[in-house]
Amino acid sequence: MSEEEFEPTIIAFCCNWCSYAGADLAGTSRIQYPPNVRNIRVMCSGMVHPNMVIEALTKGADGVIICGCHPGDCHYIEGNLRAEKRAEAIDLMLEDFGLEPERFRLEWVSASEGPRFAEVMKDVVESIRELGPSPYR
Amino acid sequence: MEHKRALVVGGGIAGIQASLDLADAGVEVFLLERGPSIGGRMAQLDKTFPTNDCSMCILSPKLVEAGSHPNIKLLTKSELLGLEGEAPRFVAHVRKHPRYVDEDKCTGCGICTTKCPVKIPDPYNVNLDKTRCLHIPFPQAVPGIPVMDASQCIYFKRGKCRVCEKVCPADAIDFTQQPKDIDLEVGAVVLAIGSQEFEARLKDEYGYGTFDNVVTSIEFERMLSASGPTSGHIKRPSDGEEPARVAFLQCVGSRDLQVERAYCSAVCCMQATKHAVILTEHLSGVESCIFYMDIRSYGKGFDRFVDRARDEYGVRFIRSRVSSVEVDPETDDLVLQYAVDGCKLRKEKFNLLVLSVGLCSNPGIEALVRRLDLEPGNHGFLVPSSFRPVDTERVGVYACGTINGPKDIPESVMEASGASSAALCSLAGFPAREVSQRLPPEKDLRAAPPRVGVFVCRCGINIGSVVDVPSVVEYAASLPRVVLAEERLFACSSDSQKTIAEAIQEHDLTRVVVAACTPRTHEPLFQKTMAESGLNPYLFEFANIREHNSWVHQKEPARATEKAKDLVRMAVAKAVRLKPLTKSRLPVTKSALVIGGGVAGMAAALDLSTQRYPVTLVEKDEQLGGHARRLFRSLQGEDVKAFLAQTIRKIESDERISVHLGTEVERIDGYVGNFHTRLSDGSDVDHGVVVVATGGEEYRGKDYLYGQDARVLTQTELEERLGGDGEALQGLESVVMIQCVGSRDEQNPYCSRICCGTALKNALWLLDRDPDTRIFVLCRDVRAYGLMEPRYQEARERGVVFVRYEPDARPQVSNAGGSLQVRLKDEILGEKILLRPDLVVLSTGITARPGNKPLSQSLKVPLDADGFFLEAHVKLRPVDFATDGVFVCGLAHYPKDIGESISQARAAASRAATVLARDEIESEGKIARVDEALCSGCGACTEVCAYGAVKIDADSGLATVNAALCKGCGTCAATCRVGAVDLSGFSDAQLAAVLECF
């Protein structure tokens with residue numbers, strides 16, 4: 001596969017209350033972004049087990065992003081802060097699995113941030129495109 | 001009357017919403033509709049502004065719900081002949097006209113409609129194409145039963161045919177049906193009888209009915225629709241060619257004294273902008289041009305929508321009234337002549353002309369109003385008072401929607417819920433109607449292997465124009481465990497629900513996957529269909545191929561199709577592993593907390609109290625009344641002071657309302673039905689619902705010498721002087737008002753909605769005091785929407801001068817040697833103007849309260865980009881949040897006037913009543929569960945639970961989950977080191993299966 005042809009696959013875990021709604025708003029606003037992203041709805045960013053992130057990256061995803069509510073906005077009080085703490089553990093696990101730290105990201109996207117959802121996804125796709133395919137592909 | 005009973009007249013979106021609210025609050029509702037199906041105007045719309053949501057997609061679940069609600073009895077083809085008696089004991093005389101199809105026998109199979117030999121113009125498509133004389137009104141119609149146009153039927157005309165009768169397998173055709181008169185005993189009546197479009201032929205100078213390529217906005221709406229006459233392909237009527245240049249003409253039959261329509265139709269500016277945007281999406285490269293007088297994009301998100309239309313879609317907005325329309329006989333193109341820059345005449349050619357026809361009453365509507373002993377007001381609308389926006393002159397009869405004046409869908413929905421609350425108040429003395437919805441027993445699936453059915457929605461063209469739906473269906477059919485894959489034009493329609501239910505039986509499906517729009521709006525609809533088919537509703541999975549796919553990858557159909565297949569595959573993988581879940585039942589605390597003691601909060605509190613629910617009313621100031629304390633007159637000129645004093649007296653003497661002044665909410669715990677709140681005065685309150693009515697703030701800035709020169713005031717300050725002794729206003733020769741101060745700018749990029757009306761109110765008031773005062777209003781668009789327009793007319797007639805300015809050339813206010821000077825470039829005349837007024841009055845906008853942020857965080861509800869509370873859905877859930885049991889009204893939601901605040905507050909009360917009327921509510925089924933075989937009792941899960949729902953059991957030493965406290969966030973599951981805790985519906989195994997196959 002040549003560099004030009006590489007189309008990364010991104011898994012986006014989106015919390016039901018903010019980020020999934022933000023992705024919906026990007027849709028109703030018709031804000032275009034690359035079709036490389038597969039959204040998985042979760043109830044809260046805090047419910048994504050680190051194993052899930054590693055699982056995705058070792059099963060063919062080139063990048064994983066967890067999207068949650070902005071700090072203070074979590075529908076479940078502080079699930080997003082748990083996700084934030086857990087992200088540190090995920091970074092360490094990536095190292096163990098020989099994966100670049102850039103392959104995983106945590107971002108906050110609110111229900112009113114349709115444009116931001118599209119921006120973040122564009123950015124993730126571009127940065128992973130530059131990084132190249134996951135070594136597990 | 002043995003229980004609460006109400007009559008709702010009119011089955012458009014307002015009537016439907018009023019019926020659903022009443023029915024959910026325990027009222028038996030008769031929903032009367034003149035036509036053969038409910039749905040009204042909204043059913044004919046292609047999309048809705050400002051989100052361009054597919055109109056039918058959001059309406060259809062409501063149609064299904066109204067059609068199947070155990071408390072709602074639909075009476076279609078029915079009209080109200082008269083109403084006897086007094087509140088709360090009326091007798092309504094109703095006539096049900098023949099449909100010639102027995103509604104009890106008909107299964108809606110539609111065979112008869114394919115065999116009927118007579119073709120007639122299709123009223124649903126405003127006669128742009130043909131349907132059969134015996135037809136189902138539209139695919140999503142409720143009831144989905146054919147109706148016959150007897151005036152066109154061959155049998156009725158010539159005594160022969162009866163083909164339909166021969167082919168009907170249910171023996172449902174009945175040529176002998178006669179009009180049937182029914183008397184209904186009801187306690188309250190809600191009028192939602194709507195309006196109609198202006199007859200464009202009355203403006204013959206625009207060529208409608210003469211030139212082929214002149215169409216009305218409602219015709220164009222059908223032309224855009226995938227279910228319309230051309231399946232969404234825009235073709236001009238004369239030759240079927242795609243137009244390259246399309247013009248939209250605003251204010252046809254609105255703001256026009258020639259045709260005796262002095263009012264503004266309130267929705268057409270946004271409708272035309274929507275049309276131009278959708279048109280560009282259909283035909284890239286098309287040029288569209290909107291001719292307007294003022295762009296009245298005064299609602300939530302409207303200005304941003306217009307900006308996007310202009311900047312991203314290249315729509316041209318031309319402020320000019322078109323003076324003539326001529327046709328080019330060679331090409332059938334239309335030549336529009338219009339004036340630019342005040343005088344120069346220009347001619348421009350267009351392939352298609354769309355007339356934005358206004359809304360109006362008609363003799364039928366007015367006759368119905370008179371039959372109810374009511375008097376139609378100006379222009380045939382009911383025109384209620386600002387303080388009683390859903391009341392009519394007859395006690396117990398309430399009105400909502402466009403019968404009260406032109407308005408858009410969310411305003412109609414708010415008024416509908418408001419009218420429902422008013423009806424609930426007058427029905428308070430009667431017991432609720434107990435209904436138990438009978439569901440078939442759930443099938444036992446323990447031994448059954450998963451059999452998955454996949455339904456892929458085209459959503460008209462919303463999905464189908466980008467994603468290759470047949471190939472997705474074909475692909476879905478090839479997936480393991482999938483036994484059925486089919487496509488649907490609209491998966492959410494009631495006929496689709498029926499065919500999905502049939503497919504569940506026929507193919508013995510045990511899991512259902514729908515690939516369509518977002519589960520956030522549509523999951524409950526399909527779950528209901530599952531439950532009615534004997535399947536546990538949690539055996540359902542959604543693939544979002546619209547919001548997350550076809551709408552965001554419009555230019556990459558091939559990759560969008562691949563993505564749709566991936567999303568379907570992921571959904572099927574999860575569906576196969578879904579398990580049935582059960583819900584637990586929790587009691588409801590039957591009382592309310594209302595936050596904010598302004599006009600909106602007080603209106604909500606009074607309604608809830610009248611409905612016999614105790615209310616805690618919290619106000620941060622030491623007095624009730626909020627911003628209205630500073631007002632003297634409403635925009636319509638009514639006495640605000642007297643109204644406010646009366647309302648405060650009512651609140652203070654109401655034993656069910658406990659008022660906490662100088663108090664704020666410190667913290668709110670709990671969930672719908674069971675909130676616990678600590679107030680800053682130390683008291684603790686248990687309540688079942690929360691109404692947020694915290695108001696807004698007046699914009700304060702240093703613009704235009706405000707705060708530096710005492711002769712520069714805000715409109716509110718002017719009103720305080722006008723309403724006070726007025727001494728400071730003696731001898732005013734000239735006054736300048738500046739519009740859009742702190743509105744429609746970079747800092748606050750939205751319209752504050754009421755400032756134009758306020759300027760008109762105060763300008764006329766100044767003239768009342770001294771007719772010689774010269775008043776100049778420096779403005780951008782004058783947004784005197786709806787029935788406010790005649791005030792604008794009056795102001796101009798009485799000499800108020802309106803001067804336009806552009807946002808990049810704002811007026812300059814200076815102090816020149818002690819006298820005020822205002823400099824401005826007139827946009828139309830292109831001349832520089834110098835004014836030397838005695839007063840400069842700033843029409844300052846309304847901003848969101850900074851306190852919204854912490855409150856939204858403790859309530860777990862979102863704010864929009866401008867800091868106002870963000871409702872669950874801009875069109876159909878304007879007072880709800882995605883979080884159950886919390887409602888919003890008044891300026892906390894968006895700027896609005898007193899009447900609009902009150903109707904929204906009453907709407908919030910109605911929505912709250914749908915919770916409070918219940919004795920218990922069902923908890924969420926998706927909660928954490930512990931596998932005791934795996935749990936080591938380490939306690940990590942208990943530490944992360946924000947609700948204290950996970951505990952280590954003292955006896956077993958293992959983790960247990962309290963179902964009533966668990967909110968289903970899954971944080972515990974992600975923390976467990978041994979995989980013993982799972983969030984049901986999102987278990988590790990389910991997510992792993994999804995990740996196995998993206």
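So you know, we letter chains A, B, ... as the sequences are listed, proteins then strands, and number each from 1.
Scanning all heavy atoms of the two residues, the minimum distance from B/P850 to B/P854 falls at O-CD, 3.5 Å. Between B/C54 and B/W551 the shortest heavy-atom distance is N-CH2, 4.3 Å. Closest approach of B/I278 and B/N52 over heavy atoms only: CG1-ND2, 3.8 Å.
The contact between A/I11 and chain B is made entirely by side chain atoms (from C-beta outward), counting heavy-atom distances below 4.5 Å. Using a 4.5 Å cut-off between heavy atoms, B/C976 touches chain A through its backbone atoms (N, CA, C, O) alone. Residue contact with chain A, scored on non-hydrogen atoms closer than 4.5 Å, involves the side chain of B/F998 exclusively. At a 4.5 Å heavy-atom cutoff, the contact between A/C74 and chain B is made by backbone atoms alone. Using a 4.5 Å cut-off between heavy atoms, B/L859 makes no contact with chain A at all. Contacts of A/F13 with chain B are made by side-chain atoms alone, with heavy-atom separations under 4.5 Å and no backbone atom involved. The contact between A/R86 and chain B is made entirely by side chain atoms (from C-beta outward), counting heavy-atom distances below 4.5 Å. For chain B, no part of A/A83 is nearby; none of its heavy atoms comes within less than 4.5 Å. At a 4.5 Å heavy-atom cutoff, the contact between A/T9 and chain B is made by side-chain atoms alone. Heavy atoms of B/A973 lying under 4.5 Å from chain A belong exclusively to its backbone. Within the 4.5 angstrom heavy-atom criterion, no atom of B/E312 approaches chain A. Residue A/P71 touches chain B through its backbone alone, counting heavy-atom pairs closer than 4.5 Å. Proximity to chain A (any heavy atom under 4.5 Å) is shown, for B/E541, by neither the backbone nor the side chain. A/A21 touches chain B through backbone and side chain together, each having a heavy atom under 4.5 Å away. Proximity to chain A (any heavy atom under 4.5 Å) is restricted, for B/E556, to the side chain, taken from C-beta onward. The parts of A/N16 that come within reach of chain B are both its backbone and its side chain, each placing non-hydrogen atoms under 4.5 angstrom from that chain.
Taking 4.0 Å as the cut-off between side-chain N and carboxylate O, A/R116 and A/E119 do not count as a salt-bridged pair. Between B/K300 and B/D864 a salt bridge is recorded (basic side-chain N to carboxylate O distance below 4.0 Å). Salt bridge absent: B/D53 and B/K274 never bring a charged side-chain N and a carboxylate O closer than 4.0 Å.
B/F305 has its ring centre no less than 6.0 Å from the ring centre of B/F49. Taking the centre of each ring, B/F869 and B/Y894 stay at or above the 6.0 Å mark. For A/Y33 and A/F117, the distance between ring centers is under 6.0 angstrom.
In terms of non-hydrogen atom pairs under 4.5 Å with chain A, the most contact-rich of B/K926, B/K47, B/K563, B/R546 is B/K563. Looking only at heavy-atom pairs under 4.5 Å with chain A, the residue among B/A974, B/A560, B/A571 that has the most is B/A974. Listed options B/D988, B/N549, B/L567 were ranked by heavy-atom pairs under 4.5 angstrom with chain A; first place goes to B/D988. Among the candidates A/C44, A/G27, A/P35, the residue making the largest number of heavy-atom pairs closer than 4.5 Å to chain B is A/P35. Counting heavy-atom pairs closer than 4.5 Å to chain A, the top-ranked of the candidates B/C997, B/P50, B/G968 is B/G968. Counting heavy-atom pairs under 4.5 Å between each of B/L870, B/D566, B/V994 and chain A puts B/D566 at the top. The greatest number of non-hydrogen atom pairs below 4.5 Å with chain B, out of A/A61, A/G79, A/A111, is found for A/A61. Top candidate by heavy-atom pairs under 4.5 Å with chain A, chosen from B/T975, B/L991, B/V944, is B/V944.
Using a 4.5 Å heavy-atom cutoff, the side chains of B/I58 and B/K875 are in contact.
B/T971 and A/R82 form no side-chain donor-acceptor contact under 3.5 Å, judged by distance and modelled atom types alone.
Taking the centre and axis of the six-membered ring of B/F542, the NZ or CZ atom of B/K574 falls outside the cone set by 45° and 6.0 Å. Seen from the ring of A/Y76, B/K967 does not count as a face-on cation partner, given the 6.0 Å and 45° thresholds.
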May I have the step-by-step check of salt bridge (charged side-chain N to carboxylate O under 4.0 Å, His left out) for B/E996 and B/R569, ending in yes or no?
CA-CA 10 Å; B/E996 198 67 49; B/R569 184 172 64 234; over 6 Å; no

